[in-house]
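Source: prediction; values computed, not measured. As a basis for the values below, the full set of heavy atoms in this structure was taken, side chains included, without hydrogen atoms, waters or symmetry mates.
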Amino acid sequence: MTHHLNAEMKACIDECLSCYATCLSTATGHCLEMGGEHTQKEHFTLMLACAEICRTSAHFMLIGSPHHKHVCRECAEICSECADDCERIGDMQECVDACRRCAESCRRMAA
């Protein structure tokens, strides 16, 4: 049995994969270079968790799992938290924007 990816789901997968790449590269590049608050355990762990839940959400949608709604709901929550924390620390606008776009798209998928 094959599943059909509608346009909204395809867009959400794209946002999730973009956020995954942005959070991971920002954490392992920018944050490690900056040090200080950027590498404090709570913030750094949140960024890695955000990247991973985004990748997982995309995966669940790509394989057609009905559980994607639960994963997307959690993804939206973590992305929002990550966006807020990156904004608080500053100098990570690309990450903030990617997280907010992903959170909004995942909220629609979870509905």
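Under 4.0 Å is where a charged nitrogen must lie from a carboxylate oxygen, and between Arg100 and Asp84 at least one such pair does.
In this structure, Lys69 and Ala111 approach most closely via the heavy-atom pair NZ-O, 2.8 Å. Between Leu48 and Ala27, the shortest heavy-atom distance links the atoms CD2-CB, 4.2 Å. Across all non-hydrogen atoms, the minimal contact from Cys16 to Met61 is SG-CE, 3.9 Å. When all heavy atoms are compared, the tightest approach of Cys50 to Ile78 is CA-CG2, 3.6 Å. Pairing each heavy atom of Glu37 with each of Ile89, the nearest pair is O-CD1, 3.8 Å. Smallest separation of non-hydrogen atoms from Ala110 and Arg73: O-NH2, 3.1 Å.
The side-chain contact (heavy atoms from CB on, under 4.5 Å) with Cys19 is formed by just one residue from the set Cys106, Cys79, Ser105, Ser57; it is Cys79. When the options His38, His43, Glu94, His30 are evaluated for a side-chain contact (heavy atoms from CB on, under 4.5 Å) with Cys86, the one that passes is His43.
At least one donor-acceptor pair under 3.5 Å links the side chain of Thr26 to the backbone N or O of Thr22. A donor-acceptor pair under 3.5 Å is absent between the side-chain atoms of His70 and the main chain of His67, judged by distance alone. Of the possible polar contacts, none joining the His59 side chain to the Cys54 backbone as a donor-acceptor pair under 3.5 Å is found. Using a distance-only test at 3.5 Å, with no hydrogens or angles considered, no donor-acceptor pair links the side chain of Arg55 to the main chain of Tyr20. Listed for the Thr39 side chain is a donor-acceptor partner under 3.5 Å among the backbone atoms of Gly36.
One finds the SG atom of Cys72 at 12.0 Å from the CD atom of Glu15 (value rounded to the nearest 0.5 Å). To the nearest 0.5 angstrom, Cys102 atom SG is 9.5 Å from Ile53 atom CD1. Atom SG of Cys23 sits about 5.0 Å away from atom CE of Met47, to the nearest 0.5 Å. Atom CD of Glu87 is separated from atom CG of Asp97 by 8.5 Å, given to the nearest 0.5 angstrom.
Follow the hydrophobic side-chain contacts under 4.5 Å out from Met34 and you never reach Met92; the two are in separate clusters. Linking Ile, Leu, Val, Met, Phe, Trp and Tyr whenever their side-chain heavy atoms come within less than 4.5 Å puts Leu62 and Met9 in one cluster.
Summarising the local packing, CD of Glu42 is surrounded by 12 or fewer heavy atoms from other residues, nucleotides or ligands at distances under 6.0 Å.
Looking only at side-chain heavy atoms (C-beta outward), Ser80 and Arg107 come within less than 4.5 Å of each other. Side-chain contact between His68 and Val71 is absent, with no heavy-atom pair separated by less than 4.5 Å.
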